[in-house]
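The model shown is predicted, which means the values in this text are computed figures rather than measured ones.
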Amino acid sequence: MIDQSRRHSLETAKFFLFILVMCSGPTLYFTNELLVAQTFPNTIDFPLERAKAAKQQQHHDFAYDRERWERHSPRFVLLAGPHKTASSTLQSFFSDIAHSTVSVSNTNVTKLRTFVTPHPAVTDWVWPVPVEGDCFYKNISSSERESFFLKSGSSRKFYATMGALFSGRYARRDFKNWYSIRGGIPKADLETRKAEVVHYFRSLFRKPWEEGKNIVIGSEEFDAVVAPLRDGPVVGVGEELHVASSSAGMLDNLLDLLPWDSSSSDGNGTTNGNARSPPLQLEDIEVQINLRTPRISHVISIWHQQGHKKSLQKFLLDQNAGFFLYQINSLGEALQYARRGIQTTVIDMAGVREKELREGELSTEQTNRVEGNEPIGGLEGIVACDILRLGKNNGNGKNNATAFCDDYSRLHLPGYVNEPKEHNKKNDKQSQDMTEEQLEEIERILNKLDCSIWKYLKKYQASGTLRILYPSKNLFATCDPEGIDDKDVSFLESLWNMKSVAREGLGLWHPQFWNGPELAGA
């Protein structure tokens, strides 16, 4: 009788437990990973966690073969963003000091009103500037000529068009009659016109290359190499989890535009063009990528740019949020380039700020190699001195310095006044509608993603294909130094986890709780 009573009580308890789970199941599904975080929203402040983070950081080795990187300086540099990481600032600076008007139709550019040349001290590098109205071909009729000329004579954002070619899209802004299929032009004709634009860029780079110049260009559009990772389905394991399905084709598109010589190869066996000695090799190309930390600051900056009157919460829950949020995946972008064998430099923006603070009290004697000239530091100075190594061929600087760079990677250009500009910097226009605990949880989600990618990037650092410049004191502090405890997590899963955090607090019966974006369409 007693056993039967106990059995009845147990069955009753199971029934009520079942009802409880069914009623609150969705809430548990979206919040089970957040329970500890909500109870202890900032676990890193606990002494044990803090000590563990410090111990882990001591074992992270960002050392690279500095002598090797400096012995083989790049001859083609791509500033590849991603979006909202001071990319416009870098583009503006280098298009200002290295801009050089280049005509592919042998126009006498010196007579043009828009004719520009680099700063007198910048003798090795050029940022090729197009000529408005420049024609791709010589021997064609005037009526045909109208279809093939350049509309824009812009400089700083011109290479966004090249980024469109890179990712297989159509760029209508800079080239006349290069329209989308919706404009009624047959696809075959669009492909023909696309080939013509490819021919234009090859010619644009070929001219300064044959004159012995190194080339620097930039656009945040090149972060599109990781855009497919926002879409489903997730395939592959390990490193392949972070490799975009179309990235190999995109990188082939990029390499196809460069000035390969008849005796050199782009890594695919492709050779073309006239000779320059020594010819361009794959190791002559370097891609520069910025890593913005704290990671949540990158998310918020994208929201400022693309939120369009939505709160941060609504932006994250929007079905189209993933269309923009792939731009936060700096390490994923670095992985695509490094695994292709392209020299890749990641600059930790937080580390740059720490560097600037440490050196803020340097004396004039220590920093001003050029009398009366203010040094140019920050990202601009680092890219100029540590990557381009401006003036290395005519300098006698000690250690790693060149004629125009001091030992602190600050650039000194005689007569150049660097007026600080803020590009695309926006403040909150709408409320965030999210708690500090939710923002901290998103930070943790993105840190887990970074750890998942960093453990696969280490081998490229060891082989000399990748380096991280100016790592901040807490960079990858939450990662396992051996990578063993860092779970493989895809970008798409991270995106979905961010959306789950944004749903937190809406309540079980809130429409947006159930009508959030589908995983594959995020």
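- Within the 4.5 Å cutoff, the side chain of Ile215 has heavy atoms near those of the Pro128 side chain.
- Checking side-chain atoms of Arg467 against main-chain N and O of Gln461 turns up no donor-acceptor pair under 3.5 Å.
- A donor-acceptor pair is defined here as one N or O able to donate and one able to accept, closer than 3.5 Å; such a pair exists between the side chain of Arg295 and the backbone of Ile328.
- Side-chain atoms of Asn329 come within 3.5 Å of backbone atoms of Gly332 as a donor-acceptor pair (strictly under, hydrogens ignored).
- Salt-bridge check for Lys455 with Glu239: failed, with every basic side-chain N at 4.0 Å or more from each acidic carboxylate O.
- Nearest heavy-atom pair across Ala334 and Val346 is CB-CG2, 3.7 Å.
- Taken from CD in Gln336 to CE in Met250, the straight-line distance is 9.0 Å, to the nearest 0.5 Å.
- With a 4.5 Å cut-off on side-chain heavy atoms, Thr161 and Phe201 count as touching.
- Here Phe205 pairs with Phe76 under the ring pair (Phe, Tyr, Trp, His ring centres under 6.0 Å) rule; sequence neighbours left out.
- For Tyr470, there are no ring pair (Phe, Tyr, Trp, His ring centres under 6.0 Å) partners, not counting sequence neighbours.
- Counting heavy atoms from C-beta outward, His298 and Pro82 have side chains that approach closer than 4.5 Å.
- Listed for the Asp252 side chain is no donor-acceptor partner under 3.5 Å among the backbone atoms of Leu255.
- Of the inter-residue distances, the one linking Ser88 atom OG with Phe93 atom CZ reads 15.0 Å to the nearest 0.5 angstrom.
- Between the side chain of Lys499 and the backbone N or O of Ser494, no donor-acceptor pair lies under 3.5 Å.
- The backbone N or O of Gly378 lies less than 3.5 Å from a partner atom in the side chain of Glu356, making a donor-acceptor pair.
- For Trp125, there are no ring pair (Phe, Tyr, Trp, His ring centres under 6.0 Å) partners two or more places apart in sequence or in a different chain.
- Annotation: the span from Ile453 atom CD1 to Asp488 atom CG amounts to 10.0 Å, rounded to 0.5 Å.
- In this structure, the side chains of Val383 and Thr345 stay at 4.5 Å or more apart for every pair of heavy atoms.
- The CG atom of Asn290 sits 11.0 Å away from the CG atom of Asp223 when rounded to the nearest 0.5 Å.
- Judged by distance alone, with hydrogens and angles left aside, the side-chain atoms of Trp303 form a donor-acceptor pair with the main-chain N or O of Lys310 at under 3.5 Å.
- Side-chain N/O atoms of Arg156 and Ser95 include no donor and acceptor closer than 3.5 Å.
- When atom types are taken as modelled, the side chain of Lys207 and the backbone of Val102 share no donor-acceptor pair closer than 3.5 angstrom.
- Side-chain contact annotation: Gln327 with Lys84, donor-acceptor N/O pair under 3.5 Å absent.
- Across all non-hydrogen atoms, the minimal contact from Thr117 to Phe115 is CG2-CZ, 3.3 Å.
- Under the ring-ring contact (aromatic ring centres under 6.0 Å, His included) criterion, the residue pairs touching residues 213-257 are Phe166-Phe222, with sequence neighbours excluded.
- If you take OG on Ser472 and CG on Leu291, they are separated by 7.5 Å, rounding to the nearest 0.5 Å.
- Between Ser301 and Arg292, some side-chain heavy-atom pair lies under the 4.5 Å cut-off.
- A salt bridge links Lys157 with Glu220: the distance from a Lys NZ or Arg NE/NH1/NH2 to an Asp or Glu carboxylate oxygen falls below 4.0 Å.
- In terms of modelled atom types and a separation under 3.5 Å, the side chain of Ser73 and the main chain of Trp69 share no donor-acceptor contact.
- A salt bridge links Glu240 with Arg339: at least one charged nitrogen is closer than 4.0 Å to a carboxylate oxygen.
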Open item on the list: Checking Leu331 against Leu449 for the side-chain contact (heavy atoms from CB on, under 4.5 Å) test, could you report, in this order, the C-alpha distance in whole Å, the side-chain angles of both residues, the deciding distance, and whether it holds?
Closed with: CA-CA 9 Å; Leu331 295 184; Leu449 173 65; over 6 Å; no

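- A donor atom on one side chain and an acceptor atom on the other are found under 3.5 Å apart for Ser463 and Thr465.
- Side chains of Val104 and Tyr200 form a contact here, defined as non-hydrogen atoms less than 4.5 Å apart.
- With sequence neighbours left out, the side chain to side chain contact (heavy atoms under 4.5 Å, CB included) criterion links Val198 to Leu165, Arg202, Asp256, Leu257.
- From Ser246, atom OG reaches atom CG of Asp231 across 9.0 Å, with rounding to the nearest 0.5 Å.
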Task: Steps toward side-chain contact (heavy atoms from CB on, under 4.5 Å) verdict (Thr89, Leu379) - done: CA-CA 9 Å; Thr89 298; Leu379 279 171; over 6 Å; no

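- Contact between Ala80 and Tyr337 at its shortest, heavy atoms only, is CB-OH, 4.4 Å.
- Side-chain contact annotation: Arg340 with Ser247, donor-acceptor N/O pair under 3.5 Å absent.
- Tyr408 has its side chain out of reach of Pro375: every pair of non-hydrogen atoms, C-beta onward, lies at least 4.5 Å apart.
- Side-chain atoms of Val126 and Pro118, non-hydrogen and from C-beta on, do get closer than 4.5 Å to each other.
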- [ ] Let me see the working for Leu411 and Leu413 under side-chain contact (heavy atoms from CB on, under 4.5 Å), right down to the final yes or no.
- [x] CA-CA 6 Å; Leu411 179 66; Leu413 289 179; 4.0 Å; yes

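- A donor-acceptor distance shorter than 3.5 angstrom exists from the side chain of Arg75 to the backbone of Pro279, with no hydrogens or angles considered.
- Less than 6.0 angstrom separates the ring centroid of Phe62 from the ring centroid of Trp454.
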TODO: Walk me through it: do Thr344 and Glu286 pass the test side chain to side chain donor-acceptor pair (under 3.5 Å)?
DONE: CA-CA 6 Å; Thr344 305; Glu286 186 167 341; over 6 Å; no

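- With sequence neighbours left out, the ring pair (Phe, Tyr, Trp, His ring centres under 6.0 Å) criterion links Phe94 to no other residue.
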TODO: Please lay out, stage by stage, how Leu492 and Leu229 fare under the test side-chain contact (heavy atoms from CB on, under 4.5 Å).
DONE: CA-CA 6 Å; Leu492 187 58; Leu229 293 175; over 6 Å; no

